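Nothing here was measured: the structure is a model prediction, and the numbers come from that model.
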Amino acid sequence: MKLLSFFRISAVLCIVLVGTSLLIDRWISESTADRIFIEASHIPSRSIGLVLGTSKYIARTLNPYYDYRMSAALELYQLGKVNILLLSGDNAHRSYNEPWTMKRDLLKAGIPDKDIVLDYAGFRTLDSIVRAKSVFEADHFVIITQKFHCERALFIAQSNNIDAICLAVPEPRGMAGLKIRVREILARVKAIVD
């Protein structure tokens, strides 16, 4: 009898937690939708483009998340939509340096060194967004990342009185995308807590 009551209470708690997480997920999506752009040519000009970091390679193959972000950053710069690219990411150790890797690839693509700024302490989205304002004095910028990530980044920006918009770049589909989507729901709950 006690065991049955325990399972019932656990099931109810689990349903409440999952339901709350899904409501938070939808709320963040809806509250940021008007600040997300799909086409680089349609986005309003801002002086700074903030590129959120990710690893260049996954299991020795080019990470499509990285590739799409770099292509979009280059396109925004070439269209004159941004003048400076702020590259924010993890710099965990000497052999893993997201900002420097992004810079190297953008330099190869023809963006001048003077128009690239590195943030080595963008360990998570919250850090990248808040540091853009507190360290780099930017509070009016374009975020460059995938749509699901745009939503959370814009929510964080709004919560910190930052005027940001986002260029949503393509994202891979399939099982990898599903895994990332589930992880994102949990990350949004954490963003609310933060």
Side-chain angles (χ1 to χ4, degrees), residues 21 25 28-29 36-40 43 48-79 81-82 84-132 135-136 141-157 164 166-191 194:
S21 298
D25 179 60
I28 288 177
S29 294
I36 297 175
F37 297 81
I38 305 299
E39 296 290 328
I43 203 160
I48 297 170
L50 171 62
V51 185
L52 298 178
T54 188
S55 60
K56 183 173 180 175
Y57 296 101
I58 297 174
R60 298 185 184 162
T61 60
L62 183 61
N63 178 356
Y65 291 92
Y66 176 91
D67 193 39
Y68 288 133
R69 291 179 199 181
M70 292 300 95
S71 296
L74 180 61
E75 183 180 9
L76 281 178
Y77 183 86
Q78 290 173 335
L79 289 172
K81 298 289 186 174
V82 297
I84 301 291
L85 289 169
L86 174 56
L87 311 177
S88 183
D90 193 350
N91 178 31
H93 46 80
R94 193 174 188 143
S95 65
Y96 186 80
N97 188 328
E98 291 172 352
W100 175 247
T101 301
M102 290 189 283
K103 178 178 181 175
R104 188 180 61 229
D105 288 344
L106 291 171
L107 287 171
K108 286 180 191 173
I111 295 183
D113 185 60
K114 67 179 180 57
D115 294 338
I116 299 173
V117 177
L118 303 181
D119 176 10
Y120 291 109
F123 301 111
R124 56 192 189 135
T125 306
L126 176 69
D127 298 330
S128 296
I129 301 299
V130 171
R131 285 175 54 79
V135 175
F136 299 96
F141 51 83
V142 178
I143 301 165
I144 302 160
T145 191
Q146 280 69 28
K147 184 176 185 288
F148 69 86
H149 200 192
C150 280
E151 294 168 347
R152 179 164 42 102
L154 288 169
F155 174 78
I156 292 168
C166 194
L167 177 60
V169 303
E171 58 190 81
R173 300 287 177 209
M175 288 308 292
L178 179 61
K179 180 181 171 186
I180 297 263
R181 189 67 190 101
V182 170
R183 179 182 170 270
E184 180 62 22
I185 291 170
L186 299 175
R188 290 177 186 205
V189 172
K190 186 165 182 350
D194 288 338

### Message
Do F141 and L86 have side chains that approach each other closer than 4.5 Å (heavy atoms only, starting at C-beta)?
### Response
no

### Query
Just how far is it from atom CG of L154 to atom CD1 of I143, taken to the nearest 0.5 Å?
4.5 Å

### Query
So how far is it from D67 CG to T54 OG1, rounded to the nearest 0.5 Å?
11.5 Å

### Task
Run the numbers on V51 and M70 for side chain to side chain contact (heavy atoms under 4.5 Å, CB included), then give the verdict.
CA-CA 8 Å; V51 185; M70 292 300 95; 3.5 Å; yes

#### Entry: Residue among V117, I111, I116 satisfying side chain to side chain contact (heavy atoms under 4.5 Å, CB included) with I84
V117

#### Entry: Pairwise side-chain contact, L79 with I43, heavy-atom cut-off 4.5 Å (strictly under)
no

### Task
May I have the step-by-step check of side chain to side chain contact (heavy atoms under 4.5 Å, CB included) for D90 and F123, ending in yes or no?
CA-CA 5 Å; D90 193 350; F123 301 111; 3.3 Å; yes

### Query
So how far is it from E151 CD to I36 CD1, rounded to the nearest 0.5 Å?
4.5 Å

### Message
Quick check against the 3.5 Å criterion: does T61 have a side-chain atom that pairs as donor or acceptor with the backbone of I58?
### Response
yes

### Task
Indicate the atoms forming the closest heavy-atom contact of S128 with D119, along with that distance.
CA-OD2, 4.4 Å

### Query
Taking the side chain as C-beta and beyond, is there a heavy-atom pair between D105 and K108 under 4.5 Å?
yes

### Message
Are L76 and I144 packed together at the side-chain level, in the sense that at least one heavy-atom pair is separated by less than 4.5 angstrom?
### Response
yes

### Test log, rule side chain to side chain contact (heavy atoms under 4.5 Å, CB included), inputs V169 and Q146
CA-CA 5 Å; V169 303; Q146 280 69 28; 3.2 Å; yes

### Message
Measuring from atom CG of L118 to atom CG of L85, what distance do you get when rounded to the nearest 0.5 angstrom?
### Response
10.5 Å

### Message
Do N91 and E98 make a side-chain contact, defined as non-hydrogen atoms from C-beta onward lying under 4.5 Å apart?
### Response
no

### Query
Do R152 and T125 meet the criterion of a side-chain donor-acceptor pair at a distance under 3.5 Å?
yes

### Query
Taking C-beta and beyond as the side chain, do Y77 and P112 meet within less than 4.5 Å on heavy atoms?
yes

### Query
Looking at G53 and M102, what are the two nearest heavy atoms and their distance?
CA-CE, 3.9 Å

### Query
Going from CG on L167 to OH on Y68, what distance comes out if it is rounded to the nearest 0.5 angstrom?
13.5 Å

#### Entry: Flag side-chain contact, heavy atom, 4.5 Å: S88 against L50
yes

### Message
Is the shortest side-chain heavy-atom distance between L87 and L106 below 4.5 Å?
### Response
yes

### Query
Can you tell me if R131 uses its side chain to pair, donor with acceptor, with the backbone of G122 under 3.5 Å?
no

### Task
Check Y65, Y66, Y96 against S55 for a side chain to side chain contact (heavy atoms under 4.5 Å, CB included) and give me the one that passes.
Y96

## Note on the structure
Rounded to the nearest 0.5 angstrom, the CZ-CG distance for R124 and L52 is 13.5 Å

